[in-house]
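Chain A is the first sequence line, chain B the second, and so forth, proteins listed ahead of strands; every chain is numbered from 1. As the structure is a prediction and not an experimental result, all values here were calculated from the model.
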2 protein chains.
Amino acid sequence: MNIQDCITPCTQKPKLVLAIRDAMEVLNGKWKILIIGTLMAGGKKRFMELLREVDGIAAKMLSKELQELEMHKLISRTVCNTKPITVEYEITEYGKKLEKILLELTNWGMEHREMILKG
Amino acid sequence: MNIQDCITPCTQKPKLVLAIRDAMEVLNGKWKILIIGTLMAGGKKRFMELLREVDGIAAKMLSKELQELEMHKLISRTVCNTKPITVEYEITEYGKKLEKILLELTNWGMEHREMILKG
DNA sequence: CAGGATCCGTGACGATACTG
DNA sequence: CAGTATCGTCACGGATCCTG
């Protein structure tokens with residue numbers, strides 16, 4: 001499948017637009033992709049670990065975006081009855097389907113950074 | 001290259017985070033990816049065509065996001081000395097490097113939509 | 001036709017303090 | 001530790017009008 005196949009003929013809306021809209025609705029927010037990337041690369045993470053590794057994010061935002069990601073079945077949340085309580089976040093099998101996107105995004109980002117540095 | 005390779009050892013920041021941040025900085029904004037997708041699938045487009053096809057966008061936003069995309073060398077802007085004046089936007093060779101990302105995003109979006117509809 | 005100028009509301013985002 | 005509550009801001013985004 002190539003990118004032209006995403007266009008339906010005549011005056012109908014391009015399928016591409018709908019699909020991208022759907023994807024963006026799930027991935028919107030300043031931190032979601034970074035959170036997913038961190039979890040995908042690093043396995044299980046606790047709240048505080050994420051707070052440290054996704055640096056710059058505030059606890060409120062992390063909490064909120066984690067909830068939204070969980071709603072969309074992209075990550076799972078597990079409460080461990082330790083003392084004090086700890087919580088583990090992990091990417092789901094469904095969430096792993098985003099790996100290709102993340103990879104392409106990462107590759108492009110690195111190329112782009114090099115291109116900027118060279119001028 | 002797989003996603004684990006994006007992690008540098010020990011306490012350093014993951015390379016993945018930097019790359020994704022770079023990419024997101026270029027692609028941020030509600031409409032950029034949709035604009036790129038439309039141009040990539042449909043070839044040259046004039047301002048009014050984009051205004052129609054990227055539906056929901058306001059002229060101000062379209063203008064602004066097109067400028068930013070041009071700054072980043074992802075699209076080109078050509079003024080035709082017709083009367084009244086018309087302008088053509090086209091994706092650049094550099095911009096075409098985003099094709100893989102767009103494709104993966106589109107594929108995932110379609111799968112996700114189906115998954116939602118089925119429940 | 002392409003888009004700039006202006007005005008304006010909302011909500012995304014952030015800092016801080018607090019709780020079980 | 002893992003959050004929630006509260007408050008504040010600013011810029012993102014939209015509507016409308018105007019110009020070459």
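A salt bridge links B:E88 and B:K44; the closest N-O separation between the charged side-chain nitrogens and carboxylate oxygens is under 4.0 Å. Under the 4.0 Å criterion applied to side-chain N and carboxylate O atoms, B:K96 and B:E93 are assigned as salt-bridge partners.
Among the heavy atoms of the strands, none lies under 4.0 Å from B:K83. Residue contacts shown for B:M48 are limited to sugar-phosphate atoms, with no base heavy atom under 4.0 Å away.
Straight-line distance from the CG atom of B:L51 to the C1' atom of D:dT16: 14 Å, rounded to whole Å. We find that CE of A:M61 is positioned 15 Å from C1' of D:dA5, with the value rounded to whole Å. The distance between atom CG of A:N81 and atom P of D:dA2, rounded to the nearest whole Å, is 14 Å. The CD atom of A:E49 sits 13 Å away from the C1' atom of D:dA2 (whole-angstrom rounding). Remark: C1' of C:dG14 and CG of A:L62 are 14 Å apart, rounded to the nearest angstrom. Taking atom CG of residue B:L69 and atom P of nucleotide C:dG3, one finds them 13 Å apart after rounding to whole Å. Residue A:F47 contributes atom CZ, which lies 6 Å from atom C1' of D:dA2 at whole-angstrom precision. Atom CD in B:E68 sits roughly 14 Å away from atom P in D:dA11 (whole-Å rounding).
A sub-4.0 Å separation between OP1 or OP2 of D:dT4 and a side-chain N or O of A:S63 is present. Residue B:K64 places none of its side-chain N or O atoms closer than 4.0 Å to OP1 or OP2 of C:dG4. In terms of phosphate contacts, B:Q67 brings a side-chain nitrogen or oxygen within less than 4.0 Å of OP1 or OP2 of C:dG4. Note on A:R77: a side-chain N or O is less than 4.0 Å away from OP1 or OP2 of D:dG3. In this model, the phosphate group of C:dG3 is approached by a side-chain N or O of B:Y89 to a distance below 4.0 Å at OP1 or OP2.
At a cut-off of 3.5 angstrom, the base of C:dG14 holds at least one donor-acceptor pair with the side chain of A:K60.
Residue B:I85 places its side chain closer to D:dG20 than to any other of D:dG20, D:dC1, D:dG14. Distances from the side chain of B:K30 to the nucleotides D:dG13, C:dA15, C:dG3 place D:dG13 closest. Closest contact between the side chain of A:V87 and the listed nucleotides D:dG3, C:dC1, D:dC1 involves D:dG3.
Less than 6.0 angstrom separates the ring centroid of A:H112 from the ring centroid of B:Y94.
Each of A:G29 and A:A59 lies near DNA chain C, and the nucleotide nearest A:G29 is the one positioned closer to the 5' end.
What you find for B:I57 and B:L51 is that their closest heavy atoms are O-CD1, 3.8 Å. A:K73 and A:T92 get closest at one heavy-atom pair: O-OG1, 2.7 Å.
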